[in-house]
Structure formats: structure tokens, C-alpha cells
Protein chains: 2
Amino acid sequence: MTERRFFELHADVCKALGHPLRIEVIDAAKKKNFALPTFLKITGGLKSNLSQHLSLMTKKGILKSRRDGQSTYFSLSSNKVAQACRLMREVLIDNLKKNQKLIEKL
Amino acid sequence: MTERRFFELHADVCKALGHPLRIEVIDAAKKKNFALPTFLKITGGLKSNLSQHLSLMTKKGILKSRRDGQSTYFSLSSNKVAQACRLMREVLIDNLKKNQKLIEKL
DNA sequence: TGTCATTGTTTAAAAGTTTAATAGTTCACA
DNA sequence: TGTGAACTATTAAACTTTTAAACAATGACA
């Protein structure tokens with residue numbers, strides 16, 4: 001595998017974090033395995049849309065799914081996803097704080 | 001700030017990781033402060049294009065920039081960005097290994 | 001078995017966003 | 001003022017997301 005190809009795949013996995021609905025799903029999936037209707041109650045919106053996002057996240061390897069009867073249960077593929085997500089949230093919070101301080105100075 | 005708005009901002013920061021060139025920049029910036037021409041030697045491509053990506057990353061708060069005369073030096077805004085990036089790379093590697101094992105089983 | 005509700009996926013079109021490349025502008029400084 | 005480096009604006013192409021409808025799989029139960 002070329003270095004370039006590896007950067008592409010790496011970016012592709014990161015891209016799977018880059019949507020508000022998907023961040024919300026990761027947030028919910030930290031605690032517990034859920035099936036689509038439960039996520040749907042949390043996030044709102046259309047079931048087909050949520051299903052597409054869940055399937056993308058599974059394809060990119062940040063969720064894993066397990067079918068049990070009528071339901072498919074989704075959970076984080078690894079705790080690393082939750083950790084990375086938390087770090088990026090901290091980066092956001094640090095930035096918001098910095099901006100707040102800049103505003104206060106005026 | 002609403003929870004929804006926070007998820008949007010969080011996703012926005014994560015989105016800044018979701019491009020091969022930007023992953024490559026983060027990779028290079030881990031080690032050292034760089035100005036555009038140095039990044040350009042590493043990544044290749046067009047100067048204007050790289051400049052756009054650097055500016056987006058700065059706007060989203062994953063890089064910070066310091067102007068010194070003609071040159072602008074970019075570095076990671078925090079080590080958390082490098083950590084998150086490394087975790088996501090591990091998620092990718094774990095997935096690649098899993099796929100490899102599946103292939104070997106056939 | 002047949003029917004029904006529930007769950008989840010697929011598809012396709014429209015709407016929206018991101019990217020690369022170009023051309024043009026600003027900036028630092030000799 | 002002239003030069004080269006960095007940045008910005010613009011645009012078309014590529015990609016992602018949303019929406020809505022159709023479809024498929026499962027389980028309950030008369």
C-alpha cells in the first residue's frame with residue numbers, strides 16, 4: 001500500500017466522524033448497544049436517513065452491527081473511536097474558550 | 001448553545017480531519033512548525049490548494065498559525081489533535097487486519 | 001398457513017457541500 | 001516601485017446528504 005493510499009483510507013475513517021448525526025450516534029453508542037428505533041428516538045429524522053448513516057459508519061469500521069431477530073444492534077467498533085471523538089470535542093471546547101476570552105478582552 | 005448546535009460544531013472540527021492532504025499535514029506538523037513551502041515539498045500539488053486547506057484547518061482550530069515576515073508558520077493547535085488522529089489511524093489498522101484475517105480464512 | 005406490524009435496507013432524484021484549479025489580489029521588503 | 005510569496009475569490013466538477021417510496025426479512029398469532 002502506498003503512503004498516499006494510506007492517507008486516503010485514514011482520511012476516510014476520519015470523515016465518518018464528520019457529521020452531526022453521526023457524532024450523536026457515537027455519543028449514544030458509547031453507553032449501550034442500540035437498534036435503529038432507539039437511535040431514531042434520540043436523533044429524530046427519517047429512518048432511511050439514519051439507516052444510511054449507520055451503514056456508512058459500519059462500512060468505515062467505526063460501528064459494528066449484530067443482527068438478533070428483527071433487530072440489528074449497533075455499537076462502537078472500539079473504544080478508540082469514543083476516545084478520538086472525546087479528544088476532538090476537547091479541541092472544540094478549547095477553541096470556544098479561546099474565542100470567549102478574545103471577546104471578553106474587547 | 002443547544003445540544004444540536006454543539007453536535008454541529010463538534011462534527012465540523014472532526015470534518016477538518018477528513019481529507020488525505022490534511023491528514024498528511026497533521027502528520028508533518030506533529031514534528032515541527034512549518035511554513036507553506038515546506039509542506040508543499042512534502043505533499044506536492046498546488047500552492048493555492050494547500051493554502052486553502054491550511055486556512056480551513058486554522059479556521060476550524062486544529063492548526064494555529066504565526067506570521068513572521070513573509071512566512072506563516074503552522075503547527076498543531078494542541079497535541080490532542082495528533083492523539084485523536086493516531087487513534088483513528090489505529091481504528092483503520094485494526095479494520096485492515098480484520099479484513100486480512102477474513103481473506104485468509106477463505 | 002396467511003396476515004399483520006415491526007424493523008431495516010435499497011433506490012433514485014433533488015438539494016446541498018466540498019474540492020481543485022485558475023486568475024487575481026495583497027503583503028513584505030529590497 | 002518591482003518582485004516573489006502567500007492568500008482570496010470564483011467556478012465547475014465531484015461528492016455527500018436528504019427525502020420519499022418501494023422492498024425485504026422477521027416474528028406474532030389467529
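Naming convention: chains lettered A, B, ... in sequence-line order (proteins, then strands); numbering from 1 in each chain.
Checking D:dT19, C:dT22, D:dC7 against every side-chain atom of A:Leu46, the shortest atom distance belongs to D:dT19.
Within 4.0 Å of B:Ala35, counting heavy atoms only, lies no atom of the nucleic acid at all.
With respect to the salt-bridge test (charged N to carboxylate O, under 4.0 angstrom), the residues A:Glu8 and A:Arg4 do not qualify.
As rounded to whole Å, 8 Å separates atom P of D:dC7 from atom CG of B:Leu54. When the C1' atom of D:dA6 is taken as reference, atom CZ of B:Arg67 falls 6 Å away, rounded to whole Å. Rounded to whole Å, atom C1' of C:dT7 lies 17 Å from atom CZ of A:Phe34. In this entry the distance linking CG of B:Leu21 with C1' of C:dT19 reads 11 Å, nearest Å. Put simply, CZ on B:Phe39 is 11 Å from P on D:dC7, counting in whole angstrom units. For A:Asn49 and C:dA14, the CG to C1' distance is 14 Å, given to the nearest whole Å. Atom CG in B:Asp12 sits about 13 Å away from atom P in D:dT17, given to the nearest Å. Put simply, CZ on A:Arg66 is 15 Å from C1' on C:dT7, counting in whole angstrom units.
Comparing B:Ser71 and A:Lys47 along DNA chain D, the residue whose closest nucleotide (by nearest heavy atom) sits nearer the 5' end is B:Ser71. Comparing A:Gln70 and A:Ser51 along DNA chain C, the residue whose closest nucleotide (by nearest heavy atom) sits nearer the 5' end is A:Gln70.
Remark: the backbone N or O of A:Val91 is paired with a side-chain donor or acceptor of A:Asn95 at under 3.5 angstrom. With hydrogens and angles disregarded, no donor-acceptor distance shorter than 3.5 Å links the side chain of A:Thr43 to the backbone of A:Leu21.
Residue A:Ser48 places no side-chain N or O under 4.0 Å from the OP1 or OP2 atom of D:dT18. Applying the 4.0 Å criterion to OP1 and OP2 of D:dT17, one finds that A:Arg22 has a side-chain N or O inside that range. Contact between the side-chain N/O atoms of A:Lys15 and the OP1/OP2 oxygens of D:dC15 is not found at any separation under 4.0 Å. A close approach under 4.0 Å does not occur between any side-chain nitrogen or oxygen of A:His53 and OP1 or OP2 of D:dT16. The phosphate of D:dC7 (OP1 or OP2) has no side-chain N or O of B:Ser55 nearer than 4.0 angstrom. Of the side-chain N and O atoms in B:His19, one or more sit less than 4.0 angstrom from OP1 or OP2 of C:dA20.
Using a 30° and 60° split on the angle between ring planes, A:His53 and A:His19 fall in the tilted class, from 30° to 60°.
Looking at A:Gln52, its side chain has no donor and acceptor atom pair within 3.5 Å of the base of D:dT16.
Side-chain contact check for A:Val25 versus A:Phe74: every heavy-atom pair is 4.5 Å or farther apart.
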